[in-house]
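In what follows, a structure is listed as structure tokens, so that the remarks can point back to it.
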Amino acid sequence: MPESDSHSLGSNEIKQDQTSLYDHEQEHGSPLVEIPKKPASAYVAVFIMCLMVAFGGFILGWDTGTIGGFMAQTDFIRRFGSKHRDGSHYLSKVRIGLLVSIFNIGCAIGSVFLGRLGDTIGRRKGIVVAVSIYMVGIVIQIASVKKWFQYLIGRIISGLGAGCIAVLSPMLISEVSPKHLRGTLVSCYQLMVTFGIFLGYCTNYGTKKHSNSVQWRVPLGLCFAWALFMLGAMFLVPESPHYLVKNGLIEEAKRSVAKSNKVTIDDPAVIQEVEMVQIAVEAEHAGGPSRWMELFETKNKIFQRVVVGVVLLGLQQLTGVNYFFYYGTIVFKAVGLEDSFQTSIVFGIVNFASTFVALYVVDKYGRRTCLLWGAAGMVCCMVVFASVGVTRLWPHGKGNGSSKGAGNCMIVFSCFFIFCFATTWAPIPFVIISESFPLRVKAKGMALGTVSNQMWNFCIGFFTPFITGAINFYYGYVFLGCLVFSWFYVFIFVPETKGLQLDDINVMWEEGVLSWKSASWVPPSQRGDTYDADALATDDKPLYKRMLGRG
């Protein structure tokens with residue numbers, strides 16, 4: 001049989017197996033058993049468990065929060081910078097861009113080549129390997145004395161480990177979370193990112209008074225504490241039931257599901273949940289080993305999901321939030337706050353506190369709704385911020401005094417922008433890619449999304465100093481265009497997945513449900529006789545009526 005035919009057969013077997021339990025219900029009249037929902041207080045242990053897995057986000061956030069401060073530390077500049085003719089030290093824009101952004105290149109490479117560890121040795125063991133690689137990179141950075149390229153190599157290696165963590169942490173959380181809390185618990189990953197950024201800022205502020213390598217080696221040394229905590233946490237959290245079933249560990253898979261959902265191992269819902277996973281795993285085996293080329297298949301909507309993941313995580317960076325963090329120092333100076341470290345802490349507090357709101361809204365109002373409102377809110381904030389910066393901040397020209405009123409206005413709207421971002425676009429793209437792909441290609445699909453995120457992060461981090469130096473606040477209009485595009489892209493292409501089992505999400509994608517009708521989609525196990533699945537896959541209304549929700 002030709003290879004293409006065998007993979008086509010695998011896709012058909014997957015579809016047949018995914019509906020076998022539903023067919024059993026119709027034939028035998030025994031309804032599928034839902035895992036019972038318990039009061040929120042019953043899931044405290046589950047929340048803590050997933051928070052420990054999400055601590056991988058803290059490791060990435062810590063790097064973001066500290067590396068920018070290092071670029072302003074006198075000892076760091078003296079060791080790794082160049083000299084002016086008068087003997088003073090400086091870091092060139094190119095060197096700053098490389099030292100800051102090369103970490104993202106390492107993350108992109110690590111997510112692709114190391115992300116598969118989750119399938120080969122397990123999600124938990126994969127995270128342990130990734131954290132170990134990250135620690136090797138930190139050792140190389142701390143050991144750097146005068147050679148800036150040695151520090152650069154250390155950042156690449158630590159980025160390799162961080163990239164693998166960025167794939168496996170959300171993946172593990174999504175697979176062990178109760179379905180009605182999955183969005184909230186995966187969002188904890190972004191919460192820990194913002195917490196790491198905030199504490200990183202605070203640490204830089206605390207060490208800036210020193211004049212030696214304490215300025216940057218202490219923040220780097222603390223990375224070992226976070227890494228060791230992450231390693232310890234992996235001995236306390238359950239392994240993914242998908243991985244356990246794949247390796248024939250059925251009883252362990254039942255214990256994992258029971259532990260996450262706070263029920264007994266013999267509960268009928270647990271047994272059924274594991275059976276559903278077994279069906280998906282058997283379908284995966286029937287199709288043979290997964291290949292990268294499967295990500296380009298359109299028949300079962302895999303390629304469409306890859307595009308959504310790549311675009312969403314790219315647009316997350318193109319919202320312009322890092323532009324705010326970069327330009328915040330200039331705006332705060334306009335109102336008399338000269339200390340850039342204090343500026344960073346203000347933005348870090350807003351960013352961290354706002355992410356707590358995301359934990360509530362993502363499962364309350366849904367992924368798609370939050371992304372649409374978040375994009376709309378950021379558009380409004382960016383219009384004001386960029387327009388005031390262009391027309392009012394320097395009424396007599398740059399360098400000839402600034403308007404305090406304009407500066408205050410820009411500070412307020414920059415904080416509003418960060419709030420809108422942190423509550424929606426910061427965590428939700430990670431939630432969507434962690435639950436959209438079938439088990440067969442999940443690691444590969446998430447890796448490509450992570451690559452998109454890290455490469456755009458690299459581009460913005462590397463080129464922003466040059467662009468802002470040339471066009472100042474006009475740069476905001478570039479991000480404004482990206483935000484408008486983001487709104488339309490989400491409306492047309494991103495379906496609602498709130499409250500669905502991971503296998504149900506796969507069925508919804510394969511049925512070709514239109515994104516703006518996806519909130520009305522019902523899993524096959526819950527459909528009545530009058531349910532019309534085809535109606536959700538077609539729409540003859542004009543686009544403007546679809547956006548306004550009119551019939």
Side-chain angles (χ1 to χ4, degrees), residues 57 170 173-174 181-191 193-194 301 304-324 351 354-383 416-437 445-446 448-450 452-453 456-457 479-500 505 508-509 513-521 543 546-549:
I173 297 172
S174 71
L181 295 175
R182 187 172 61 243
T184 296
L185 294 175
V186 175
S187 295
C188 287
Y189 177 83
Q190 182 62 28
L191 175 68
V193 170
T194 59
K301 302 297 189 299
Q304 289 87 329
R305 289 180 248 187
V306 170
V307 172
V308 166
V310 168
V311 174
L312 274 185
L313 283 173
L315 289 174
Q316 184 196 57
Q317 293 297 326
L318 290 171
T319 57
V321 67
N322 286 331
Y323 162 72
F324 273 87
N351 192 27
S354 300
T355 309
F356 282 97
V357 180
L359 301 182
Y360 173 77
V361 301
V362 65
D363 276 324
K364 176 68 174 179
Y365 300 106
R367 289 74 158 135
R368 172 184 166 84
T369 302
C370 289
L371 288 177
L372 290 172
W373 279 105
M378 286 187 287
V379 164
C380 297
C381 294
M382 186 63 82
V383 167
F416 277 139
F417 182 97
I418 293 171
F419 172 81
C420 293
F421 174 81
T423 54
T424 56
W425 278 82
I428 292 178
F430 291 107
V431 175
I432 290 175
I433 69 163
S434 71
E435 62 188 11
S436 293
F437 295 103
M446 291 184 66
L448 288 187
T450 303
S452 171
N453 184 267
W456 279 110
N457 198 346
F479 295 116
L480 177 62
C482 294
L483 286 166
V484 173
F485 173 79
S486 300
W487 193 96
F488 282 97
Y489 185 83
V490 170
F491 182 85
I492 297 172
F493 295 108
V494 180
E496 182 57 71
T497 55
K498 180 187 74 168
L500 298 176
I505 294 172
M508 181 178 69
W509 270 101
V513 176
L514 297 173
S515 297
W516 54 91
K517 290 187 174 184
S518 57
S520 302
W521 185 81
L543 181 61
R546 300 173 194 169
M547 291 189 293
L548 295 175

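With rounding to the nearest 0.5 Å, the separation of OG in Ser452 from CD in Gln316 is 9.5 Å. The distance from atom CD1 of Ile428 to atom CZ of Arg367, rounded to the nearest 0.5 Å, is 8.0 Å. Between the CD1 atom of Ile173 and the OG atom of Ser434 there is a distance of 8.5 Å, given to the nearest 0.5 Å. Leu483 CG to Met378 CE: the interatomic distance, rounded to the nearest 0.5 Å, is 5.5 Å. Between the CZ atom of Arg305 and the CD1 atom of Ile432 there is a distance of 13.5 Å, given to the nearest 0.5 Å.
Inter-residue side-chain proximity for Cys370 and Thr423 is flagged as unmet; no heavy-atom pair is nearer than 4.5 Å.
Smallest separation of non-hydrogen atoms from Phe479 and Leu318: CD2-O, 3.2 Å. Contact detail for Thr319 and Met382: the closest heavy-atom pair is O-CE, 3.9 Å. The minimum heavy-atom distance between Leu313 and Phe430, with the atom names listed, is CD2-CE2, 4.0 Å. The two residues Val431 and Ser187 have their closest heavy-atom pair at CG2-OG, 3.6 Å. Closest approach of Phe419 to Ser354, counting heavy atoms only: CD1-OG, 3.2 Å. Taking every heavy atom of both residues into account, Phe437 and Met446 meet most closely at CE1-N, 3.9 Å.
Tested against Val362 for a side chain to side chain contact (heavy atoms under 4.5 Å, CB included), the candidates Thr184, Leu371, Val186 yield a single pass: Thr184.
Between the side chains of Asn351 and Thr194, no donor-acceptor pair is found at a separation under 3.5 Å.
Here the side chain of Ser515 pairs no donor or acceptor atom with the backbone of Phe491 at under 3.5 angstrom. Checking side-chain atoms of Arg182 against main-chain N and O of Asp363 turns up no donor-acceptor pair under 3.5 Å. No side-chain donor-acceptor contact under 3.5 Å links Thr355 to the backbone of Leu191. Using a distance-only test at 3.5 Å, with no hydrogens or angles considered, a donor-acceptor pair links the side chain of Arg368 to the main chain of Val494. With Trp516 contributing its side chain and Ile492 its backbone, the two residues share no donor-acceptor pair below 3.5 Å.
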Inset, instruction - Could you please spell out the steps behind the side chain to side chain contact (heavy atoms under 4.5 Å, CB included) verdict for Trp425 and Ser486? - result: CA-CA 10 Å; Trp425 278 82; Ser486 300; 3.8 Å; yes
Inset, instruction - Decide side chain to side chain contact (heavy atoms under 4.5 Å, CB included) for Leu315 and Phe485; before the verdict, give the C-alpha distance in whole Å, the side-chain angles of both, and the deciding distance to 0.1 Å. - result: CA-CA 9 Å; Leu315 289 174; Phe485 173 79; 3.8 Å; yes
Inset, instruction - Under the side chain to side chain contact (heavy atoms under 4.5 Å, CB included) rule, what do Val490 and Leu312 come out as? Steps first, then yes or no, please. - result: CA-CA 8 Å; Val490 170; Leu312 274 185; 4.1 Å; yes
Inset, instruction - Would you check, one step at a time, whether the test side chain to side chain contact (heavy atoms under 4.5 Å, CB included) holds for Ile505 with Trp509? - result: CA-CA 6 Å; Ile505 294 172; Trp509 270 101; 3.9 Å; yes
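Relative orientation of the Phe493 and Tyr489 rings is tilted, given thresholds of 30° and 60° on the angle between their planes. Ring orientation note: the planes of Tyr360 and Tyr365 are nearly perpendicular, at an angle over 60° on the 30°/60° scale.
Atom CH2 of Trp456 is surrounded by 12 or fewer heavy atoms from other residues, nucleotides or ligands within 6.0 Å.
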